[in-house]
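Read the structure below first, then the notes.
Per chain, numbering begins at 1; letters A, B, ... match sequence-line order. No hydrogens, no waters, no symmetry mates; every other heavy atom, side chains included, goes into these values.
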Amino acid sequence: MIGKLYRLEMKETGRIAKIVYPLMIFITIAGVLFSLLNIPVLASFTNTISTLALTLCAFYLIVITVRNDYHNFQGKRGYLFRSIPAKSSEFLLSRLAYYITFLWGTTFIYIFLLMAQIELSSGAPIFLLVNVFLTQVLFASPWGIGLVIFILLSGLITVIALIFAIALGSEARFHRLGAGGPVLLYIIYYIASQLLTIASMLLIPLGIKMDLDPATGSFANFELVTEGTFRYFLDSLRANADPDHVVIGIGFIFTQILLALVMVILTYRSFDKKFSLRA
Amino acid sequence: MSISFDNQRPIYIQLLDFFRAEIVSGSLSPGQKIESVRELALKYGVNPNTVQRALGELEHLNLARSDRTRGRFVTEDDEVIQQLRLDSAQQITEDYIQAARNLQISLDDALSLVKKLWDDQEGGKE
Amino acid sequence: MSLIEIRGLSKNYGHVRALDYLDLNVDGGRIVGLAGPNGSGKTTLLRILGAFDTAYSGDVSIDGLKPGRETRAITSYLPEKTALSDWMTADQAIAVYKDFFADFKEDRAREMLEFFKLEGSQKLRQMSKGMQEKVQIMLVMSRDARIYLLDEPISGVDPASRKSILRGIIGQAGEDSLVLVSTHLISDIEPVLDEIIFLDFGRVILHEQADKMRAERGQSLNEAFEEIYA
């Protein structure tokens, strides 16, 4: 059932993606070709314009992704989707997979095309650099791998927050707000998340202490310490900070995971709560 | 064929009357298989339960019988059909007499009128 | 136990009371009309029975179950406006229904497509309203459901298509199933009804057998409607 739901959700947005992704590729190639003509002033403009165009495409596709999911379960197509005898968990998981596909897919394609644009039009070996960075720096150290996992986790949490906002924002009690319900809830989540992150960074006694070379601005010698950023923050205010070290609290990772779990539970429970299809 | 029903009267009664007329006229011949409830409902654009009720009445009047395995059939009992004809004729005649009386026509005039027109119609039929 | 049993059903949309302590029992094996002026609660009632709205108070039981996932498996719903994407063809819509509903009978769907003289490969957006409605009816009635909930299946549709759609409904409704049809075009639909329910201000003001009403009142259901709601 999850697979079937996933495929049905993919159909609607897939039709748009089938046009937008090739369009993005076309924009990149066109931009590169044009900039290779080396017309003096226009060359730098080309890159700006094509970057802007790519950004708009990616942004548009992400908006459509969210919009279609909304219409599937709370809008136009609600009478079809909500008549399907599937379990709440099956709906939830299929939507998660749908969002991950399009949000991550679009993000990767976007970044890839940007990199390609830079490399092809300026000759700078971006792909090589990135490859080196990834293999020698990021994946070579446990810290790097931790960072990658953190980035993927953040992506997942964003998706969870989106579904949470749509599910709870569409409960019967928010009926009057219409589509504003989910938007409002996402904003509340975002603000709460940021505040929690800052508080956790400062206060939770777990952090990474790094050597900071003020000359080159590079970090080295990562060390796990049992303190948050609070002390370093105070010291900075009093201009007392140790110029060679910086402590970044990482306790926020736990709070973020906790927040995500809370949202998953609330979303799951909201499926059984009183709701009214607003179609 | 599609009959148009008078929505002001119970439809099952109208269906029943219709079937009786078909039997009397011979459109539904003795022993003929009657279509299924669903087929009839579709044909006349009415509710299947209404058809079922009308056919049930038909059976009750011995104008049809149902054989569990093979379906419903018009009765082959000529006496019953003849009685139906007479009953229908009686109804029509009573209506006619009422109308004729309203026009204040005498029995003799009415009878000679009937005789004249009866023969005319006979000729017209061939 | 009736197929549908409702006790004290109430529903508010903000300040508007859509249903007001509504009581109703409906049995299977019949076609029942649901009539009433706009705002009388017809669509609200159908939505609640279809489990598209669970924010109500009172008791609703469908074959002994509360409206939810299990009842969705035995009810087939026709919304007022189509929930299908307009770029879909009838063939694609059939494929979707077949995928999700175990009780969907494809041969029935093909039969109805033929009966309605529709092309399976034509996109919905290229069809007239009457044709789109026929596709929807075809999908909804091709499910072997216990209850069919049809919200205004013939409104906004040309008269010829109306007859065709009503025949589609007669032909597909199973012997034990219940077809609950809401409509304001009573004269078109009355020959097809076993029973009629009149709603007003969120309550049932009448629930009667069609022929019985005709015999007692000497009027058509439409005339009775006009008289009662005058």
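Per-residue heavy-atom pair counts under 4.5 Å with chain B were compared for C/Ser187, C/Ala210, C/Ala173, and the maximum is reached by C/Ala173. With respect to chain C, the highest number of heavy-atom pairs below 4.5 Å among B/Val46, B/Ile11, B/Ile13 belongs to B/Ile11.
Residues passing the side-chain hydrogen bond (donor to acceptor under 3.5 Å, both in side chains) test with C/Glu175: none are found, sequence neighbours excluded.
With hydrogens and angles ignored, the 3.5 Å screen pairs no side-chain donor or acceptor of C/Glu106 with any backbone N or O of C/Lys98. Side chain of B/Arg72 to main chain of B/Ser66: no donor-acceptor pair is present (N/O by atom type, distance under 3.5 Å, no hydrogens or angles). Here the side chain of B/Ser29 pairs no donor or acceptor atom with the backbone of B/Gly26 at under 3.5 angstrom.
A side-chain donor from one of B/Gln83 and B/Asp87 sits under 3.5 Å from a side-chain acceptor of the other. Neither side chain, C/Asp200 nor C/Ser40, offers a donor N or O lying under 3.5 Å from an acceptor on the other. For the residue pair B/Gln98 and B/Arg101, no side-chain donor N or O sits within less than 3.5 Å of a side-chain acceptor on the partner.
Between C/Phe104 and C/Tyr97, the ring planes lie tilted relative to each other; the angle falls in the 30° to 60° range.
Residue C/Glu216: no heavy atom, backbone or side chain, is found under 4.5 Å from chain B. For C/Leu193, the part sitting under 4.5 Å from any heavy atom of chain B is the backbone (N, CA, C, O) and nothing else. For C/Arg217, no part lies under 4.5 angstrom from a heavy atom of chain B. If you measure heavy-atom distances from B/Tyr12 to chain C, the contacts under 4.5 Å come from both the backbone and the side chain.
Checked for salt-bridge contact, B/Glu76 and B/Arg65 meet the test: a charged N lies under 4.0 Å from a carboxylate O. Classification of C/Arg110 and C/Asp107 as a salt-bridged pair fails, no side-chain N sitting under 4.0 Å from a carboxylate O. Ion pairing between C/Asp151 and C/Arg47 fails under the 4.0 Å rule for side-chain N and carboxylate O.
The contact list for residues 219-228 of chain C toward chain B, using heavy atoms and a distance under 4.5 Å, reads C/Gln219, C/Ser220, C/Leu221, C/Glu223 by residue number. Of residues 32-41 of chain B, those residues with a non-hydrogen atom less than 4.5 Å from any non-hydrogen atom of chain C are, in numerical order, B/Arg38, B/Ala41.
Screening residues 57-106 of chain B for ring pair (Phe, Tyr, Trp, His ring centres under 6.0 Å) gives no qualifying pairs among residues at least two apart or on separate chains.
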